[in-house]
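All chains are named by letter (A, B, ...) in the order of the sequence lines, taking the proteins before the strands, and each is independently numbered beginning at 1.
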Amino acid sequence: MSEATAKTTEAKAGAAFEPRIAAFVCNWCTYTGADLAGTSRIQMAPNVRVVRLPCTGRIDPMFIIKAFERGADGVIVSGCHPGDCHYSAGNYHARRRFAIFREIMSFIGIDPNRITFSWVSASEGRKWGDVVDETVSRIRGLGPFAGYKNLVEKTHAGA
Amino acid sequence: MQELRELAKKLLAEGAVKVVVGYAEGRQGVRPIFAATPEDADKLIFDPRCVQNLATYLSPRRAHVAALGKLAVVVKGCDAMAAAGMIREAQRKRDDFVLIGVRCGGVLADPRASAAVTEATVAARCPGCEVREPKIVDHLLGPLPPAPPGASALDARIAELDAMTPEERFAFWTSELAKCVRCNACREICPMCFCVRCVCDKSQPQWIESSPHARGNLAWHMTRALHQAGRCVGCGECERACPVGIPLSLLNRKVARVVAERFDYVVSDDPEKPAPIGTYRLEDDQEFIR
Ligand code: SF4
Ligand code: SF4
Ligand code: SF4
């Protein structure tokens, strides 16, 4: 996402709630798909900042935790469809890890609806736009996730 | 007991191993002992106070133990699963050590107690245990005692948590985890935390905040639970070692259940069965991915 987009989001933050969403996407499919969405001038919510990684297999669930720690209200994780991984199997490994991580989050009490997992191919610019819009409106409904970032204050053991 | 001592003496005398790691009387109940002589071997015991998972001494991260030479380790079924896990994940080779298995009727929650194993005193992990006669061992000693009494309190507690709203669960875990002082005892005692360098010690970049506040603690325990998926043998040692009483077993058992349901994998003492993380199936469920 462009700097201009980021600024727009910052500016709006003071007024009505504008979700801040971090997206971790793979280089080969979703990033290219998001690029296509841009070059095709597909309209979508400007709330998402994209971090490009070589493969979904490289998207460590710690990235998601870190995004929430830094104040993200929602997270998108997206990569190649099954069968399409540039490295053959990175997405299959990621799928297992995220399946478990999602359950851990849910058991801890973090609403799994804060995260969108999707497969978006290089040709699915339209789908990327839909994933973004749907995620933004869902997170808008859930409200800010300051509770996580502010956990630092909920401490009895000293910091 | 005599059988155990004789076997230990024989292994030491033959030079099959340099040290036998087992249990002995200590000042505060049962403690681990590293027996290298016949006199030490005569101190070996096994009874329901033998709570500790001694397979942790096989961890490749314990270089000072490895330096002692080949070990024989006294293992219950749950401990044997940890030894198998190290082989499964290419941390150790089967020939690196000797396993002295003991048939088990459950242990006490507290190795300092001296009570019978009853529903009230049994360790949380034992009811329903299916590995009371470990298969991977080189020697298997003792008669099989009756099964541990009662039903799993952990399963009941997990069901309670599952029934809560996410907000209630979040309040429960954040207040539990806010107590964590990040002493890392849970990691140090764990046989399956075998990384030479733990991600929570890395500082460039620092993925896990090291200050003991609720946010960093949550990151630490969510990450550890994930890293233990398909690994944790449910020995409960992490929770026993925790100085502030955080119910880590709830988290571990919950993850074990998810792994069983989704990937049809239950931790066992069969090292040939591939770990669920690091493998995959094309048809794994992906209902959460759009
Ligand atoms: S979990 Fe099983 S093998 Fe381990 S102490 Fe309990 S009954 Fe024995
Ligand atoms: S995480 Fe805890 S229960 Fe699981 S193997 Fe490690 S010490 Fe045992
Ligand atoms: S043993 Fe307890 S206090 Fe220490 S790091 Fe582990 S959970 Fe935290």
Side-chain angles (χ1 to χ4, degrees), chain A residues 56-57 60-66 68-70 76-79 81-83 89-120 127 130-131 134-135 142 147-159, chain B residues 158 161-162 164-175 177-182 199 205-209 211-223 225-226 229-230 244 250-251 254-255 257-259 261-263 276-290:
Chain A
T56 16
D60 194 305
M62 288 193 300
F63 297 178
I64 300 176
I65 298 177
K66 192 55 87 188
F68 287 139
E69 283 179 356
R70 296 283 168 90
I76 297 172
V77 174
S78 186
H81 286 267
N91 52 357
Y92 293 126
H93 288 289
R95 185 169 66 183
R96 283 207 157 185
R97 247 185 277 136
F98 288 124
I100 299 169
F101 186 68
R102 221 174 142 267
E103 299 270 5
I104 292 174
M105 286 191 20
S106 168
F107 190 59
I108 290 278
I110 299 171
D111 189 342
N113 288 319
R114 296 252 172 216
I115 311 186
T116 303
F117 296 96
S118 63
W119 306 131
V120 173
K127 182 174 177 186
D130 291 346
V131 165
E134 191 276 321
T135 304
L142 290 173
Y148 195 93
K149 188 179 180 200
N150 297 338
L151 271 176
V152 176
E153 287 137 38
K154 186 185 170 70
T155 299
H156 317 301
Chain B
I158 289 172
L161 281 163
D162 281 340
M164 289 180 182
T165 65
E167 291 73 25
E168 287 167 342
R169 277 201 296 276
F170 196 63
F172 169 77
W173 281 112
T174 48
S175 80
L177 295 178
K179 294 189 279 189
C180 174
V181 293
R182 301 297 281 282
V199 67
Q206 186 183 59
W207 284 106
I208 312 281
E209 295 178 297
S211 302
H213 52 60
R215 192 175 70 188
N217 296 350
L218 221 62
W220 162 226
H221 287 289
M222 283 198 284
T223 303
L226 180 71
V244 294
L250 293 175
L251 199 50
K254 174 71 186 184
V255 173
R257 283 223 218 136
V258 170
V259 170
E261 280 159 26
R262 293 195 76 102
F263 310 131
I277 297 294
T279 54
Y280 61 87
R281 286 190 201 138
L282 296 182
E283 65 276 15
D284 280 339
D285 282 344
Q286 53 170 16
E287 80 294 347
F288 64 97
I289 305 174
R290 60 171 286 180

- Has the side chain of A:Tyr92 got a donor or acceptor atom that lies under 3.5 Å from a matching backbone atom of A:Gly83? yes

- Note on the structure: Interface check, chain B: of A:Pro112, A:Pro61, A:Ser106, most non-hydrogen pairs under 4.5 Å belong to A:Ser106

- Between A:Ala99 and B:Phe263, the two heavy atoms sitting closest are CB-CZ, 4.2 Å

- Residue from B:Arg182, B:Met164, B:Arg281, B:Lys254 scoring the most non-hydrogen pairs under 4.5 Å with chain A is B:Lys254

- Name the member of B:Gly230, B:Gly216, B:Gly278 that forms the most heavy-atom pairs with chain A at distances under 4.5 Å. B:Gly278

- A:Ile108, part contacting chain B, at a heavy-atom distance under 4.5 Å: both

- Note on the structure: Turns out that what part of A:Asp130 lies under 4.5 Å from chain B's heavy atoms comes down to both

- Okay, A:Arg96 and chain B: the region with an atom under 4.5 Å from a heavy atom over there is both

- Can you tell which of B:Ile208, B:Leu250, B:Asp284 has the highest number of heavy-atom pairs within less than 4.5 Å of chain A? B:Asp284

- At a heavy-atom separation under 4.5 Å, does B:Ala229 approach chain A through its side chain, its backbone, both, or neither? side chain

- Message: So which atom in B:Trp207 and which in A:Glu69 form the shortest heavy-atom distance, rounded to 0.1 Å?
- Response: O-OE1, 4.5 Å

- Item | salt bridge (Lys or Arg N to Asp or Glu O under 4.0 Å) against A:Arg95, all qualifying residues, sequence neighbours excluded | none

- Could you tell me whether a side-chain N or O of B:Trp173 sits under 3.5 Å from a main-chain N or O of A:Phe107, the two making a donor and an acceptor? yes

- B:Cys180 versus B:His221, closest heavy-atom pair with distance: SG-NE2, 3.6 Å

- Message: Closer than 3.5 angstrom, by distance alone: can the side chain of A:Thr116 be matched with the main-chain N or O of A:Ile76 as a donor-acceptor pair?
- Response: no

- Name the region of A:Val120, side chain, backbone, both or neither, that has any atom closer than 4.5 Å to a heavy atom of chain B. neither

- Message: If I measure from the heavy atoms of chain A, does B:Val259 come under 4.5 Å with its side chain, its backbone, both, or neither?
- Response: side chain

- Picking from B:Val255, B:Ile158, B:Leu218, which has the most non-hydrogen pairs under 4.5 angstrom with chain A? B:Leu218

- Check the pair B:Arg262, B:Glu287 against salt bridge (charged side-chain N to carboxylate O under 4.0 Å, His left out), reporting the backbone distance first and the verdict last. CA-CA 11 Å; B:Arg262 293 195 76 102; B:Glu287 80 294 347; 2.9 Å; yes

- Item | B:Gln206 versus chain A, the contacting section by heavy-atom distance below 4.5 Å | backbone

- Query: Is the NZ or CZ atom of A:Arg114 both under 6.0 Å from the centre of the six-membered ring of A:Phe68 and within 45° of that ring's axis?
  - Reply: no

- Task: Could you have a look at B:Thr279, B:Leu177, B:Val199, B:Thr165 and say which one has the most heavy-atom pairs with chain A under 4.5 angstrom?
- Result: B:Thr279

